[in-house]
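Beneath this line is the structure, given in structure tokens, with notes to follow.
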Number of protein chains: 2
Amino acid sequence: MSNTKVLPLLDPAGQAAAPCCPPLTERPFSAQEAETAARMFKALGDPVRLRLFSLVASYEGGEACVCDISDVGVSQPTVSHHLKKLKDAGLLTSERRGTWVYYRVEPSVVAAMGRLLALRPAA
Amino acid sequence: MSNTKVLPLLDPAGQAAAPCCPPLTERPFSAQEAETAARMFKALGDPVRLRLFSLVASYEGGEACVCDISDVGVSQPTVSHHLKKLKDAGLLTSERRGTWVYYRVEPSVVAAMGRLLALRPAA
DNA sequence: CCCCTGCTTCGACATATGTCAACATAGACG
DNA sequence: CGTCTATGTTGACATATGTCGAAGCAGGGG
């Protein structure tokens, strides 16, 4: 269960890993920043994708093959389609090992989304 | 007239806004949890809405009237339409004061989204 | 009282999206 | 090779979404 690296989420210094955007409260987003960030949020803006994503994220070992997470109430091609969207958005990565394809979460991108949502401390 | 719904995300009693869902990594989302959370992410999944949201979030005093943030490249009715979506998702609140309508961020909902994106420290 | 300004709602439209069945591809294993 | 299993791709289709112009509503001054 132990692991090797500290996730960038907890790093107080600005991370170069996920370049997209500053916190929402810091300044208005430019059109291009908004375009980039919206793509990530849109990827999580579907119930089926969100379930698939949480299935991968919470799976033992931090990765899951498609066969492990296909039971979300839609057909197999649809699962594949959604996984591709999550991958295109940078939220998941995939790797084929033998017969199966394993998906895992891309921590830096998720951490960037989290930082983007940070609000100002005290109002 | 339209299918405007009561906000499902805000508990009228508890301001503490029951965070809809556990962190993504804790366990797989149920269908209903995914439905609820996806609505929030979807609201931020459009570039124009994200710009409007960051405009409000970063505006001096924590609030902005529509006239202050209408310059995002779409028509004024479209701005109003997007603000309504953000409001329906529970991300913004609005208040009319005289001639102008002011929007501000609902911090508890944004915070809940942030918590949802938290990754495990070492997994 | 009437009209002007700020904002929302309506109606219409083009495009994007989610979904499935059918087909295609990639390895594994006889 | 042939075939089986696990995934991905294609094509089609219904629905959702983003957008605009026009019209409606609410307050504030003249």
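Residue numbering restarts at 1 for every chain, and letters A, B, ... go by the order of the sequence lines. Predicted model, so just to flag it, every value in this text is computed and none were measured.
Arg27(B) and Glu33(B) are joined by a salt bridge, as a carboxylate oxygen and a charged side-chain nitrogen come within less than 4.0 angstrom of each other.
Between His82(B) and dT19(D) there is a side-chain N or O to OP1 or OP2 distance below 4.0 Å. A close approach under 4.0 Å does occur between a side-chain nitrogen or oxygen of Tyr103(B) and OP1 or OP2 of dT8(C). Thr78(A) has no side-chain polar atom (N or O) that falls below the 4.0 Å cut-off from OP1 or OP2 of dT19(C). Applying the 4.0 Å criterion to OP1 and OP2 of dG18(C), one finds that Lys85(A) has a side-chain N or O inside that range. In terms of phosphate contacts, Arg49(A) brings a side-chain nitrogen or oxygen within less than 4.0 Å of OP1 or OP2 of dG18(C).
The side chain of Lys84(A) sits closest to dT9(D) out of dT19(C), dT7(D), dT9(D). With distances taken from any side-chain atom of Trp100(A) to the nucleotides dA6(D), dC20(C), dC7(C), the minimum falls on dA6(D). With dG27(C), dA16(D), dG18(C) as the candidates, the nucleotide lying closest to the side chain of Lys42(B) is dA16(D). Considering only the side chain of Thr99(A), dA6(D) comes nearest among dG6(C), dT7(D), dA6(D).
For the residue pair Ser108(A) / Glu106(A), a side-chain donor-acceptor distance below 3.5 Å is found, with atom types taken as modelled.
Taking atom CD on Glu95(B) and atom C1' on dG27(D), their separation rounds to 15 Å, with Å as the unit. Atom pair Gln76(B):CD and dG24(D):P shows a separation of 17 Å (rounding to whole Å applied). Here dT9(D) presents its C1' atom at 13 Å from CG of Asp88(A), a figure rounded to the nearest Å. Taking atom CG on Leu83(A) and atom C1' on dT9(D), their separation rounds to 14 Å, with Å as the unit. A straight line from CG of Leu52(A) to C1' of dT19(C) spans 14 Å, rounded to a whole angstrom. Atom CZ in Arg96(B) sits about 6 Å away from atom C1' in dC7(C), given to the nearest Å. Summarising the geometry, the separation between NZ on Lys87(A) and P on dT7(D) is reported as 13 Å, rounded to the nearest angstrom. Atom pair Leu50(B):CG and dT17(D):P shows a separation of 17 Å (rounding to whole Å applied).
Partner of Phe53(A) under the side-chain contact (heavy atoms from CB on, under 4.5 Å) criterion, out of Leu44(A), Asp46(A), Leu83(A): Leu44(A) alone.
Between Gly45(A) and Pro77(A), the residue whose closest nucleotide on DNA chain C is further toward the 5' end is Gly45(A). Nearest-nucleotide positions on DNA chain C for Ser80(B) and Val48(A) put Ser80(B) closer to the 5' end.
Inter-residue side-chain proximity for Thr93(B) and Tyr103(B) is flagged as unmet; no heavy-atom pair is nearer than 4.5 Å. Side-chain atoms of Arg97(A) and Glu63(A), non-hydrogen and from C-beta on, do get closer than 4.5 Å to each other.
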